[in-house]
Every structure is written in C-alpha cells, then in structure tokens.
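For reference, the structure discussed in these notes is given below.
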Amino acid sequence: MDCLFCKVIDRTMKSDIIYEDGECVAFNDIDPQAPVHFLVVPKKHILTVLDIEEEDKKLIGHMVSVANKICKDKKIDHRGFRLVFNCNPDSGQVIYHIHMHVLGGRKMNWPPG
C-alpha cells in the first residue's frame, strides 16, 4: 500500500512514535502547529471520517482515550488541547487515512484558520 501512515504503522517509514497499542499509533507531527502536536492514527486503514462504519465506533472512542492519556502524560490536560479530524480537500486533509491531530501547549484561537 502506498499510504504514508500505513508505512509509519508497519515501520517502513521512520517516525517519532510516542504511543502504540494493538489498535492505533501516535506520533509527533513533522510540521507542528503548537508546542504539543501529535497525531493519533488507527492501524485500520479508513480513508476519511465519512468512511467510518458502525463497527469502527469503538476504535474512534479508543483514539480519543489515547489522546487523553498522552495529553495527561505531557501535562497539557488542565490548560486544554484541541482534537481535529480533517475530512477531504477543503478541510486540509492530504493523507487519506483518518488521523486525529492533537494540539496543545498554547492558547488556541477561534475560529481556526
């Protein structure tokens, strides 16, 4: 498969992995937009959030739980953080394997860019 995130998951592409379990992997973003910016990526290849099926609901909840754990470990949980899923080109999705951006360590503005 030619998916960048699948290559990270199967270790054919180097990445700064900060968490892994049987369902997902988390790694630092290569172009961070905040002092803390990492991605949580399911090992199951799902193209976009529009392709999430009923059977994937538990997986998506697990991704949020992983983000919570890492944010606590990085001590950004009390000040706050942002979770972002992009879907399709107008949102900025460029890799078609769902992934959750987790950003923190600074004040977030609204509306986002």
Side-chain angles (χ1 to χ4, degrees):
M1 181 171 282
D2 198 34
C3 171
L4 183 71
F5 290 160
C6 287
K7 290 177 181 179
V8 169
I9 291 164
D10 71 13
R11 301 296 200 278
T12 57
M13 174 171 261
K14 186 172 170 27
S15 186
D16 185 13
I17 294 174
I18 57 176
Y19 178 89
E20 183 174 16
D21 63 25
E23 298 179 75
C24 65
V25 64
F27 50 91
N28 289 314
D29 194 287
I30 62 170
D31 184 25
Q33 301 300 305
V36 174
H37 185 177
F38 61 91
L39 306 177
V40 180
V41 181
K43 290 183 175 181
K44 179 180 179 182
H45 186 87
I46 303 169
L47 292 175
T48 75
V49 295
L50 293 170
D51 299 298
I52 295 169
E53 297 181 354
E54 187 71 26
E55 67 195 38
D56 301 319
K57 284 183 177 181
K58 186 175 178 184
L59 174 60
I60 303 308
H62 179 67
M63 291 172 67
V64 173
S65 293
V66 167
N68 288 345
K69 179 195 178 322
I70 296 169
C71 288
K72 288 175 185 174
D73 290 347
K74 292 184 174 288
K75 302 191 182 335
I76 62 168
D77 53 320
H78 292 291
R79 298 258 326 177
F81 53 93
R82 182 171 286 168
L83 306 177
V84 178
F85 280 94
N86 295 319
C87 183
N88 285 324
D90 280 357
S91 74
Q93 184 177 10
V94 295
I95 298 173
Y96 284 83
H97 182 136
I98 65 166
H99 53 286
M100 180 173 54
H101 292 263
V102 183
L103 301 104
R106 69 168 170 83
K107 176 122 173 93
M108 300 289 158
N109 295 316
W110 196 263

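These figures come from a predicted structure and were not determined experimentally. Sequence positions, counted from 1, serve as the residue numbers for this chain.
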Residue pair L47, H45: steps toward the side-chain contact (heavy atoms from CB on, under 4.5 Å) verdict: CA-CA 6 Å; L47 292 175; H45 186 87; 3.5 Å; yes

Distance-only criterion, 3.5 Å: show the donor-acceptor pairs between side-chain atoms of residues 29-39 and protein atoms not counting sequence neighbours.
unit_1: D29; atom_1: OD1; unit_2: D31; atom_2: N; d: 2.7
unit_1: D29; atom_1: OD2; unit_2: H37; atom_2: NE2; d: 3.3
unit_1: D31; atom_1: OD2; unit_2: Q33; atom_2: NE2; d: 3.4
unit_1: Q33; atom_1: NE2; unit_2: D31; atom_2: O; d: 2.9
unit_1: H37; atom_1: ND1; unit_2: Q33; atom_2: N; d: 2.9
unit_1: H37; atom_1: NE2; unit_2: H101; atom_2: ND1; d: 2.9

Shortest non-hydrogen contact between D56 and D51, atoms and distance: OD2-O, 4.2 Å

Minimal non-hydrogen separation, G22 against K43, with atom names: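 Here G22 and K43 meet closest at O-CD, 3.6 Å.
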
Stepwise salt bridge (charged side-chain N to carboxylate O under 4.0 Å, His left out) test for K44 and E55: CA-CA 12 Å; K44 179 180 179 182; E55 67 195 38; 3.0 Å; yes

Nearest-0.5 Å distance, NE2 of residue H99 to CD1 of residue I46: 13.0 Å

Nearest-0.5 Å distance that lies between atom CG in N68 and atom CD1 in I70: 9.5 Å

H97 side-chain N/O to T48 backbone N/O, donor-acceptor pair under 3.5 Å: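 Flag not set: sc H97 to bb T48 has no pair under 3.5 Å.
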
Distance-only check: which donor-acceptor pairs under 3.5 Å involve side-chain atoms of residues 58-67, not counting sequence neighbours?
unit_1: H62; atom_1: NE2; unit_2: D21; atom_2: OD2; d: 2.5
unit_1: S65; atom_1: OG; unit_2: G61; atom_2: O; d: 3.3

Which donor-acceptor pairs under 3.5 Å do the side chains of residues 74-89 make with protein atoms, sequence neighbours left out?
unit_1: R82; atom_1: NH1; unit_2: N109; atom_2: O; d: 3.4
unit_1: R82; atom_1: NH2; unit_2: N109; atom_2: O; d: 3.1

Centroid-centroid distance, Y96 to F5, less than 6.0 Å: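 Judged by ring-centre distance (under 6.0 Å), Y96 and F5 do not meet the cut-off.
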
Student check: side-chain heavy atoms of K7 and D2 closer than 4.5 Å: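 Yes; the side chains approach each other to less than 4.5 Å.
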
Stepwise side-chain contact (heavy atoms from CB on, under 4.5 Å) test for I9 and V41: CA-CA 9 Å; I9 291 164; V41 181; 4.1 Å; yes

Transitive ILVMFWY side-chain link I98 to I95, under 4.5 Å: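 No, because I98 and I95 fall into different hydrophobic clusters, even though each may have its own neighbours under 4.5 Å.
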
hydrophobic_cluster_shared for V102 and V49, side chain cutoff 4.5 Å: yes

V8 vs F27, side-chain contact (heavy atoms from CB on, under 4.5 Å): CA-CA, chis, key distance, verdict: CA-CA 9 Å; V8 169; F27 50 91; 3.8 Å; yes

